[in-house]
Asks: 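Dropping a structure here in structure tokens format, bear with me for questions.
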Amino acid sequence: MLNLNKKRLFKNYSAREKRNFPFIYLCLILPLAHIIIFYFVVNFSAITLAFKNKALEWSFESIQRVFESFKQQRDPWGYNPLNLLKHSMIIWFLTNVAANIINIFVALILTKHMILNKTFRVIYYIPGIVGAVVFSGVMKEMYAYNGIIIEVLKKLGVELSPSLLKNGFLGSESTAFTTLMIQMCILRMTGADMILGSAYMKIPEEIFESAKIEGCGFFREAFSIAIPLVWPTLTTMLTFALCSFFTADYSMYLYSNGSGANGMTSIGYYLYMFQTMIAGSTDTNYLMGYVSAFGMFITLITIPVVLIGRKILLLVNDGVEY
């Protein structure tokens, strides 16, 4: 039966196409090796470390330390995992919910209702092209006590607190995290325009013209035509967003110069911090065991969130063909 199926399968290809099969199989070797080595092997090693102690003997010590950190709201290094989790969820909500809701309408306006829409889409995407290290360095200078933002506010006659005049926006716990969240919202409002804009462009123009003839306004056009037609794209974007539900980060490590000062922390910062600690530590087994257990804990929570979230998104709208 298997041989018969193979014969039917290969019967659909010409002799010329069959000659290309060896080359195609050779091309698949590299991505298959990449998946096996860097996904299965690496993750298997990381998972086993969560069940080992300093001496690399099988133990639940690392898992117990993670649960104790959440219970006591303090880990062995002085961080509160609940605060880190709260910051990550705030970042996730602003980035993937609030900003994306605005993106849906901004992308539609740029694509279907605005002259030079392609030019503006490229302009809005420029911040995403600049590297995170370069961009964060520029923004830190702008937020400094002698930066351009404070200088402009002074000239406008805005009354600033002594803390801002001395330390800048990122030098105070009362303003650092809020400043980065405002910056993130402004930049992310147009971050998905390239993807959503491409999806909107595939919708036949005749559909929108017919809607206008029928007296359809912008919001009716968005909710009744545009969003349902691009829902598969939105579902994919939101599914990927759910994967970072507990680990959303906004380059906190870069903005705080690796210190996490003034509340510039998140789960992403926390995990990256351990990488630098491991690189300069002699007790790597202790650190890696805790990181592996913490990562496994987050993964076990994230998996059902992603699966349930995707199921709900598919139930809302299974896509419209046109």
Side-chain angles (χ1 to χ4, degrees), residues 31-32 34-51 62-63 66-67 69-70 79 81-104 107 128 132 181 184-185 187-199 227-253 265-275 288 290-320:
L32 284 174
H34 187 276
I35 292 173
I36 292 170
I37 296 171
F38 295 103
Y39 186 81
F40 291 105
V41 174
V42 171
N43 282 316
F44 178 78
S45 300
I47 291 171
T48 56
L49 279 172
F51 297 94
S62 296
I63 296 175
V66 171
F67 279 104
S69 296
F70 277 97
Y79 288 91
L82 292 178
N83 281 340
L84 300 171
L85 191 61
K86 182 181 73 174
H87 283 184
S88 286
M89 295 185 73
I90 291 172
I91 294 169
W92 182 87
F93 177 81
L94 293 176
T95 305
N96 297 295
V97 179
N100 274 341
I101 289 173
I102 298 172
N103 272 330
I104 290 171
M181 293 304 97
M184 182 184 68
C185 287
L187 294 177
R188 294 297 175 92
M189 282 179 186
T190 55
D193 283 343
M194 299 292 281
I195 299 171
L196 286 173
S198 298
I227 294 176
L229 290 177
V230 301
W231 190 254
T233 302
L234 281 172
T235 300
T236 303
M237 289 172 55
L238 293 173
T239 301
F240 279 113
L242 286 171
C243 294
S244 62
F245 189 70
F246 293 104
T247 58
D249 185 39
Y250 189 61
S251 302
M252 294 293 179
Y253 193 91
T265 55
S266 63
I267 296 293
Y269 158 82
Y270 188 60
L271 296 176
Y272 190 79
M273 176 197 71
F274 279 111
Q275 304 305 313
M288 287 192 293
Y290 181 84
V291 175
S292 298
F294 193 93
M296 188 177 67
F297 175 75
I298 295 297
T299 302
L300 290 175
I301 300 175
T302 303
I303 289 173
V305 169
V306 173
L307 294 177
I308 294 171
R310 178 170 172 75
K311 188 70 175 178
I312 294 172
L313 289 171
L314 293 174
L315 289 174
V316 171
N317 189 335
D318 57 359
V320 179

Asks: Give the minimum heavy-atom separation between Y253 and M273, together with the two atoms involved.
Replies: CE1-CA, 4.0 Å
Asks: Is there a donor-acceptor contact under 3.5 Å from the side chain of S244 to the main chain of T247?
Replies: no
Asks: Could I get the full list of side-chain hydrogen bond (donor to acceptor under 3.5 Å, both in side chains) partners for Y250, not counting sequence neighbours?
Replies: Q183
Asks: Considering non-hydrogen atoms only, spot the tightest contact between L49 and S292 and give its length.
Replies: CB-OG, 3.5 Å
Asks: Can you list, pair by pair, the side-chain donor-acceptor contacts under 3.5 Å of residues 81-94, counting residues two or more places apart and other chains?
Replies:
{"unit_1": "H87", "atom_1": "ND1", "unit_2": "G263", "atom_2": "O", "d": "3.3"}
{"unit_1": "H87", "atom_1": "ND1", "unit_2": "T265", "atom_2": "O", "d": "3.0"}
{"unit_1": "H87", "atom_1": "ND1", "unit_2": "T265", "atom_2": "OG1", "d": "3.4"}
{"unit_1": "S88", "atom_1": "OG", "unit_2": "L84", "atom_2": "O", "d": "3.3"}
{"unit_1": "S88", "atom_1": "OG", "unit_2": "A248", "atom_2": "O", "d": "3.2"}
{"unit_1": "S88", "atom_1": "OG", "unit_2": "I267", "atom_2": "N", "d": "2.8"}
{"unit_1": "W92", "atom_1": "NE1", "unit_2": "A241", "atom_2": "O", "d": "2.7"}

Asks: Quick check for you: to the nearest 0.5 Å, what is the distance between F245 atom CZ and N96 atom CG?
Replies: 10.0 Å
Asks: Considering non-hydrogen atoms only, spot the tightest contact between L271 and V291 and give its length.
Replies: CD2-CG1, 4.3 Å
Asks: Just distance, no hydrogens or angles: give the donor-acceptor pairs under 3.5 Å from side chains in residues 293-316, sequence neighbours left out.
Replies:
{"unit_1": "T299", "atom_1": "OG1", "unit_2": "G295", "atom_2": "O", "d": "2.8"}
{"unit_1": "T302", "atom_1": "OG1", "unit_2": "I298", "atom_2": "O", "d": "2.7"}

Asks: Classify the ring geometry of Y270 against Y79: parallel below 30°, tilted from 30° to 60°, perpendicular beyond 60°.
Replies: perpendicular
Asks: Rounded to the nearest 0.5 Å, what's the gap from CG on L234 to CD1 on I227? Could you check?
Replies: 7.0 Å
